[in-house]
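Just below is one structure, and these are the notes that go with it.
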Amino acid sequence: PVPELNKVMLGSVPCTVLDASREELICRVGNQATEAEPGAVHTLRGLRQRTWTYSSSDAVPPAHGAAPLDPPSSEGIVVDFLDMVDQNRPWRGGSDGRFYRELSGFFVPPLSASYGFYIAADDTMAVDLGTDADTSSLVRVAELQRFVRFRGDGDSEVMPTAFFTNALGKDPRNAKQVSSPASLRAGSRYAFRLAHSDTSGIQYTRVAMKVSGLSGAV
């Protein structure tokens, strides 16, 4: 159970052990990717954020539909480190309300492998992934047409394990809650876009990944 006495490798990349017990081990891959090609592009970590807010009399566009055409109510850059291991809770991007929010940027894989995306949100959510850094290559890979709630309304009850247990397969409207595996190359930039909308009450969004197809053990 002593963290520094454990060694974890993801393929050929070391994963720093943050915490360890007899039942659970938590580690983090560093900012560098040893598989990435020399000269790979590195940019400021963060996502572009655009939010459209709506009054009680206006219909809120669902995240799995078309994005609003009118100018956003607010926009900027999200630079928070949105890490479920550190926070042990989903990111709440602002106060409760009626809104449509879009987060966009690039996904840079730390390892050459196959990536499957698991999503959860309240109310609706969609994730698009590109085949390269060009936004014209974006393709819808996962979406929720109805909120996913696990054991209750509280943030603390939305735990990572819920992606793989009671939430999946419970609602036919959320048949695309898990994306098909995509083969991605370490250090390459892939356009990424997440849409999230909420009409009332609690709101949250979360993305998890399953990594497979590595040459070494995980």
Side-chain angles (χ1 to χ4, degrees), residues 3 6-38 40-42 45 47 64 81-88 90-91 103-121 125-134 137-144 148 150 158-172 174-195 205-218:
N6 295 276
K7 182 178 180 180
V8 178
M9 301 291 292
L10 296 178
S12 61
V13 178
C15 190
T16 303
V17 178
L18 305 178
D19 192 19
S21 69
R22 296 186 183 279
E23 292 78 31
E24 182 180 54
L25 186 146
I26 298 173
C27 71
R28 178 188 294 155
V29 176
N31 293 335
Q32 74 284 353
T34 57
E35 286 192 20
E37 296 180 356
V41 177
H42 296 279
R45 284 175 174 263
L47 295 171
H64 56 277
F81 188 59
L82 311 179
D83 189 302
M84 73 165 70
V85 173
D86 285 350
Q87 299 180 8
N88 200 27
W91 179 54
L103 301 174
S104 59
F106 301 99
F107 176 61
V108 183
L111 305 164
S112 292
S114 293
Y115 290 78
F117 293 88
Y118 293 69
I119 63 175
M125 178 181 177
V127 169
D128 300 333
L129 183 68
T131 55
D132 53 39
D134 196 325
S137 71
L138 285 167
V139 175
R140 177 66 41 83
V141 296
E143 67 179 31
L144 294 176
V148 172
F150 304 131
V158 185
M159 305 302 290
T161 53
F163 283 118
F164 310 100
T165 55
N166 59 319
L168 295 176
K170 294 293 185 180
D171 193 320
N174 292 337
K176 294 182 68 176
Q177 185 180 356
V178 181
S179 73
S180 299
S183 181
L184 306 179
R185 186 171 183 174
S188 296
R189 298 203 302 176
Y190 297 89
F192 177 89
R193 181 170 60 207
L194 182 155
T205 180
R206 175 176 260 172
V207 181
M209 288 181 296
K210 180 179 180 181
V211 183
S212 58
L214 295 171
S215 57
V218 175

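Numbers here simply count residues along the sequence, with the first being 1.
- The nearest pair of heavy atoms linking Ala191 to Leu138 is O-CD2, 3.4 Å.
- Ser137 meets the side chain to side chain donor-acceptor pair (under 3.5 Å) test with Asp132; sequence neighbours excluded.
- Atom CG of residue Leu184 and atom CG of residue Leu129 lie 6.0 Å apart, to the nearest 0.5 angstrom.
- Contacts of Tyr115 classified as ring-ring contact (aromatic ring centres under 6.0 Å, His included), with partners at least two apart in sequence or in another chain: Phe107.
- A distance of 9.0 Å separates CG of Asp128 from CD of Glu143, quoted to the nearest 0.5 Å.
- Heavy-atom minimum distance, Ser188 versus Pro109: O-CD, 3.2 Å.
- Across Val127 and Arg140, no two heavy atoms sit closer than the pair O-CD, 3.6 Å.
- One distance of note links CG of Asp134 with OH of Tyr190; it measures 14.0 Å at 0.5 Å rounding.
- With sequence neighbours excluded, the residues that form a side chain to side chain contact (heavy atoms under 4.5 Å, CB included) with Glu23 are Ser21.
- Taking the side chain to side chain donor-acceptor pair (under 3.5 Å) definition, one finds that Asn6 meets it with nothing, sequence neighbours left out.
- With a 4.5 Å cut-off on side-chain heavy atoms, Leu144 and Gln177 count as touching.
- For Asp19, the side chain to side chain donor-acceptor pair (under 3.5 Å) test picks out no residue, with sequence neighbours left out.
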